[in-house]
Amino acid sequence: MMPLALDILLACILLLVFVVDLLLPAEDKRGIAVVACAGALITLAASFVLDVQGTAFGGAFVNDAVALYLKRVFLAAGALGVLIGMDHADRFFPRRQGEYHLLVLSSLLGMTLLASARELIFIVVSFELMSMPLYVLAAMRKSERSAEAALKLYLVGAVSSVVTLYGLSLLFAAAGTTMLSGVTAAAKAGNPMVVPGLVITLAGLGFKIGVVPFHMWVPDTYEGAPTPFVAFLSVAPKAAGFAALIRIFIEALPGQKATWAPAVIVMCVITMVVGNVLAIPQTSVKRLLAYSGIGQMGTMLLGIGLVTPDGLGMLLFYLVAYLFTNMGAFAVASVIEDASGSDHLDAFKGLSRRNPGLAMAMLLFLLSLGGIPFVAGFWAKVGVFVAAYRAGYVWIVVLGAVLAVVSVFYYMRVARSIYMERPVAGTEGRVPMALSMKAAVTVACVGVVGVGLYPAPFVETALAAARALMG
Amino acid sequence: MELALFVLFGTLAVLGSLGVVLSRNPVRGALWLVGALFCLAVLFILTDAHLLAALEVLVYAGAVMVLFLFVIMLLNLREEELGPRRFTPVKALAVAGTVYLGWLMAVPMWKAGRVPPAAPADYGTVEGVGMLIFKNYLLPFEMTSLLLLAAVVGAVMLAKRRM
């Protein structure tokens with residue numbers, strides 16, 4: 001089977017969505033979301049059935065274990081993202097929902113290609129294919145805040161793309177070829193252009209995944225953009241940023257780790273501290289999740305900074321846990337926001353009486369984000385910190401444990417609003433949920449509990465992929 | 001001769017870029033950018049990339065900049081809307097950062113000081129670039145078409161804000 005099969009399948013589905021959008025009447029376009037979601041799921045299933053391992057285009061495109069693992073993460077996030085956005089799109093921009101799902105799929109295609117990219121131009125183009133639709137999606141709602149969120153995302157995205165491109169151009173100057181294998185050879189030969197190139201590339205990609213000191217855009221964008229889209233934005237593009245980091249730094253430049261690994265470790269420690277501390281005073285749940293997400297990014301970045309197969313494997317596993325947990329949490333926030341028009345902590349008060357099932361789900365996601373035992377997030381955090389311990393970073397493990405306690409404090413503040421407080425006057429009624437949203441939250445819950453109770457297959461696949469990459 | 005031309009147009013390109021950043025009036029900034037792009041085209045010619053030089057002038061200095069100017073004139077910014085010129089610590093930091101970064105890169109470039117490998121015979125010709133795009137870089141090239149599709153869909157949707 002040809003290595004590109006999955007990506008071509010996804011591209012065909014993207015074009016199918018385009019055609020279906022034209023065929024459906026303007027009044028009822030809900031069918032598109034079903035096609036888009038089914039398409040992502042079919043591609044996900046195909047990744048298990050078809051044999052797509054191998055390389056194409058002279059090694060520029062590679063489907064190794066890591067690429068396949070990441071592709072599955074992206075496709076699962078895409079399918080769940082479409083499912084979460086289905087009802088919201090139909091209610092708030094019914095005539096444009098075709099475009100919404102089309103753009104989600106094109107961003108998804110950029111990510112699946114990025115996971116396989118082992119050539120500089122290919123990396124840049126797939127990064128743009130991923131980012132460009134995101135800017136538009138952030139501006140879907142017809143409000144000033146949505147426009148502001150989109151503009152911030154766009155400006156930061158454009159600048160970081162340029163910075164990354166500049167860094168990569170220096171790597172090209174060193175290698176004389178755009179293949180990453182050439183960059184490895186140039187680094188081995190001690191070409192002096194490699195170091196500035198990788199430092200600038202690291203800064204550019206840092207913007208993309210929103211680690212401190214490049215994190216300023218995250219809370220504002222999350223607050224203003226449509227919440228179901230934020231569920232997707234907070235997980236899939238970040239995972240794609242890690243895909244690029246893995247390809248460029250871990251795969252191509254492991255010999256230079258004395259240069260970049262300390263910088264990454266410093267970045268991830270600062271990110272963990274700043275994200276978790278700034279999350280404490282937040283009263284908007286979306287902003288709180290944004291800052292906590294920054295903190296989680298810091299923990300995940302540790303998997304890159306350790307430069308060990310354990311660390312990388314645990315980063316890959318963390319992405320799965322984070323996918324279900326964070327997308328679930330934003331899905332619940334979206335339900336609340338659509339019902340009450342606000343994502344303030346007050347809107348969550350008394351949720352246990354207004355919709356017990358939803359309250360239970362949110363509690364589960366918060367526990368998983370905080371890393372409480374026997375849900376997905378626990379194993380992810382433990383895994384990363386055990387890998388850090390084995391690599392000799394005991395002080396980071398201690399710091400991580402302290403910050404985990406801090407994070408439990410602010411996550412439980414949300415849980416307390418949900419369970420301990422009375423609903424604010426005027427919001428006592430039951431919180432309604434569309435069928436698609438029920439399905440999405442259920443899937444996320446099953447994912448969080450399933451990965452929490454039975455993490456072994458995910459961990460083993462992730463570790464095997466990481467070992468295969470790092471030898 | 002080649003070195004003299006490189007120094008001349010390289011300096012002009014840097015000055016043009018500085019003009020873009022420093023000019024208050026956006027129309028003037030755009031015109032500076034045309035100049036900078038033109039100088040870059042000359043640098044491309046000096047490296048034997050003739051097709052790229054032609055495209056740079058036609059597409060960037062020509063088409064794209066005309067659109068830029070159109071948009072700027074449609075926005076019709078007035079002098080008082082631009083706000084007073086201020087010197088802030090952030091700007092000083094940015095300048096210092098740029099200088100540091102420049103130094104960081106200039107030193108290894110100076111040390112490297114190597115002659116790059118000789119270019120293949122068809123380098124920079126229409127045929128050579130065409131072969132590269134449709135053979136080595138076919139996949140990114142095809143992806144660009146999807147990227148443009150997504151960009152067009154997005155642009156139309158944002159421009160047509162009727163729900």
Side-chain angles (χ1 to χ4, degrees), chain A residues 4 7 11 14-15 18 21 56-58 60-61 92-96 98-100 102-103 105-107 109-110 113 116-117 119-126 128-137 139-140 142 147 150 166 170 173-174 176 178-179 191-197 199-200 203, chain B residues 17 20-21 40 43 47 49 52 90 93-94 97-120 123 129 131-163:
Chain A
L4 273 158
D7 309 274
L14 194 158
L15 296 176
F18 204 63
D21 185 24
F57 292 97
F61 181 98
F92 292 94
F93 32 87
R95 280 165 175 273
R96 294 186 290 158
E99 284 87 345
Y100 178 88
L102 178 79
L103 289 170
L105 282 190
S106 29
S107 178
L109 180 63
L113 285 163
S116 294
E119 193 262 341
L120 297 177
I121 294 183
F122 187 16
I123 290 177
V124 171
V125 175
S126 41
E128 285 312 297
L129 181 56
M130 172 193 91
S131 316
M132 196 72 82
L134 298 178
Y135 309 145
V136 183
L137 285 167
M140 283 306 271
K142 215 176 171 181
Y166 193 50
L170 291 178
T178 53
M179 299 294 289
N191 191 305
M193 298 293 290
V194 170
V195 171
V199 169
I200 295 171
Chain B
S17 314
V20 178
V21 183
L40 276 187
L43 294 186
T47 52
L52 268 190
V90 177
L93 210 65
T98 312
V99 171
Y100 176 68
L101 209 63
W103 179 78
L104 202 71
M105 279 179 312
V107 172
M109 277 187 218
W110 190 260
K111 274 190 203 152
R114 281 179 302 189
V115 183
Y123 177 80
V129 174
M131 288 303 266
L132 274 183
I133 289 182
F134 292 106
K135 256 174 78 184
N136 298 22
Y137 298 109
L138 180 65
L139 185 60
F141 178 75
E142 294 296 339
M143 281 167 67
T144 323
S145 62
L146 281 169
L147 173 62
L148 287 178
L149 175 73
V152 168
V153 169
V156 169
M157 206 195 59
L158 287 183
K160 196 180 113 192
R161 284 238 134 179
R162 194 160 45 86
M163 305 270 218

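Chain identifiers are assigned alphabetically (A, B, ...) following the order of the sequence lines, protein sequences preceding nucleic acid strands; residue numbering begins at 1 within each chain. The figures that follow rest on heavy atoms only: side chains count, while hydrogens, waters and symmetry mates do not.
Side-chain contact between A/Thr178 and B/Asn136 is absent, with no heavy-atom pair separated by less than 4.5 Å.
Using a 4.5 Å cut-off between heavy atoms, A/Ile123 makes no contact with chain B at all. In this structure, chain B has a heavy atom under 4.5 Å from the side chain of A/Leu109, while its backbone stays farther away. Looking at A/Ser126, the atoms closer than 4.5 Å to chain B (heavy atoms on both sides) sit in the backbone and in the side chain alike. In this structure, chain B has heavy atoms under 4.5 Å from both the backbone and the side chain of A/Phe122. Proximity to chain B is limited to the side chain of A/Ile200, based on heavy atoms less than 4.5 angstrom apart. Heavy atoms of B/Leu149 lying under 4.5 Å from chain A belong exclusively to its side chain. Contacts of A/Tyr135 with chain B are absent, with no heavy-atom separation under 4.5 Å from either backbone or side chain.
Highest contact tally toward chain B, considering only A/Leu102, A/Val124, A/Val194, A/Leu113, is held by A/Leu113 [criterion: heavy-atom pairs under 4.5 Å].
Note: B/Leu146 CG to A/Met132 CE = 13.0 Å, rounded to the nearest 0.5 Å.
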| said: Please evaluate residues A/Val125 and B/Tyr137 with respect to the criterion side chain to side chain contact (heavy atoms under 4.5 Å, CB included), reporting the C-alpha separation (whole Å), side-chain torsions for both, the decisive distance (0.1 Å), and the verdict. | reply: CA-CA 11 Å; A/Val125 175; B/Tyr137 298 109; over 6 Å; no
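Heavy-atom minimum distance, A/Glu128 versus B/Leu147: O-CD1, 3.5 Å. Here the closest non-hydrogen pair linking A/Leu103 and B/Ala150 is CD2-O, 3.7 Å. The two residues B/Lys135 and A/Phe57 make their nearest non-hydrogen contact at O-CD2, 4.5 Å. Of all heavy-atom pairs between A/Ile121 and B/Pro140, the closest is CG2-CB, 4.0 Å.
With sequence neighbours excluded, the residues that form a side chain to side chain contact (heavy atoms under 4.5 Å, CB included) with B/Ser17 are B/Ala36.
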